[in-house]
Amino acid sequence: MAVTRFQPTTDMFRPFFEDFLTPTGAPRMGSLMRAPEADVLEKQNEILVVVEMPGMKKDEISIDLENNILTIGGEKKEERTEHDERSTWHLSERRYGKFSRSFVLPRDVEQDAISASFEDGVLRVSIPKSEKARRRRIEIGTNGGKQEVGS
C-alpha cells in the first residue's frame, strides 16, 4: 500500500523550501522541530504555563527565567532504527530536533518559588506572582477632616 502526502497545487514553492531545509540525504521531508503548543493563564496569585511535549522525557527539557522572560527548550531525538534493504519508509511525519519557546511574563514574579511538573507529555510551570504584582483592593478614605474648597 502506498501512502501519498497531500500537497496543495496552489503552493508551488513548498517543494523547493522543503528540499532546501531538509539535510542532504535525509530519507524524509520536514525534519525541523516546531515550537510546542502552549497555554499561558494568569490567576490571582500565579501565572501558569502549560506546554504540550508528546514523546519527550523530562531530562530532555530545560526551563530558564531571565529578565522576566521564561524560556522553555529542549531536543526531541529521533527514534528511528536501522532497517534492512527489504524495508521501505512510506510515511514519516514526526519531527525531531532542538526547539526553544520564550514567554514575556506580564508581572513581577517570585523567581525562587517557581515549580514545574511533567506528566503524560504535558509540562506545567507554576510561577507565583510577587506580592507587589498582586491585585489588591484600595479603600477610599476621608480627606482627614479637612473641608474641600468650594463646599
Side-chain angles (χ1 to χ4, degrees), residues 3-82 89-146 148-149:
V3 178
T4 305
R5 196 171 175 188
F6 173 74
Q7 292 187 3
T9 56
T10 58
D11 193 359
M12 64 185 195
F13 295 105
R14 182 176 180 176
F16 169 76
F17 286 109
E18 284 182 341
D19 289 342
F20 177 73
L21 296 174
T22 302
T24 305
R28 61 184 170 79
M29 302 291 252
S31 63
L32 297 176
M33 180 71 179
R34 280 190 357 234
E37 305 290 329
D39 292 333
V40 179
L41 173 66
E42 185 175 357
K43 296 182 176 184
Q44 183 177 354
N45 296 327
E46 72 175 337
I47 298 166
L48 183 63
V49 179
V50 181
V51 184
E52 292 183 346
M53 299 181 168
M56 302 250 343
K57 297 177 179 128
K58 73 179 185 177
D59 60 337
E60 298 171 327
I61 302 167
S62 66
I63 305 169
D64 297 301
L65 180 66
E66 183 178 357
N67 295 327
N68 231 30
I69 298 174
L70 179 75
T71 302
I72 299 171
E75 182 174 6
K76 187 173 180 183
K77 298 195 172 119
E78 192 168 13
E79 300 170 1
R80 190 175 292 201
T81 58
E82 293 296 319
W89 284 98
H90 288 284
L91 181 65
S92 183
E93 294 180 335
R94 296 187 306 162
R95 296 179 184 262
Y96 303 94
K98 292 183 179 184
F99 66 89
S100 178
R101 183 88 193 262
S102 295
F103 305 91
V104 177
L105 301 178
R107 306 256 187 253
D108 288 333
V109 298
E110 297 289 342
Q111 292 188 14
D112 296 334
I114 295 173
S115 63
S117 65
F118 187 69
E119 186 176 344
D120 296 331
V122 178
L123 175 69
R124 294 178 189 280
V125 183
S126 175
I127 308 159
K129 292 181 188 178
S130 68
E131 200 55 45
K132 68 179 183 178
R134 293 183 188 167
R135 173 180 267 171
R136 58 190 165 272
R137 184 175 178 90
I138 300 170
E139 296 295 327
I140 301 171
T142 61
N143 61 1
K146 298 179 185 173
E148 295 286 326
V149 176

With rounding to the nearest 0.5 angstrom, report the CD1 to CG distance, I127 to L48. 8.0 Å
Return the CD1 to CG distance between I72 and L65, rounded to the nearest 0.5 Å. 10.5 Å
To the nearest 0.5 angstrom, please state how far the CG atom of L105 sits from the CD1 atom of I47. 5.0 Å
Can you give me the closest heavy-atom contact between E42 and K129, atom names plus distance? OE2-NZ, 2.8 Å
What residues form a side-chain hydrogen bond (donor to acceptor under 3.5 Å, both in side chains) with S126, not counting sequence neighbours? E46
For E52, I'd like to know if atom CD has over 12 heavy atoms of other residues, nucleotides or ligands within 6.0 Å. no
Intermediate values then yes/no, side chain to side chain contact (heavy atoms under 4.5 Å, CB included), E60 and E75: CA-CA 6 Å; E60 298 171 327; E75 182 174 6; 5.8 Å; no
How long is the span from the OG atom in S117 to the CG atom in L123, to the nearest 0.5 Å? 7.0 Å
Which heavy atom in R101 sits nearest to a heavy atom in A35, and how many Å separate them? CD-CB, 3.7 Å
Sequence neighbours excluded, the answer for salt bridge (charged side-chain N to carboxylate O under 4.0 Å, His left out) partners of E37 is R34
Rounded to the nearest 0.5 Å, how far apart are CD of E66 and CD of Q111? 9.5 Å
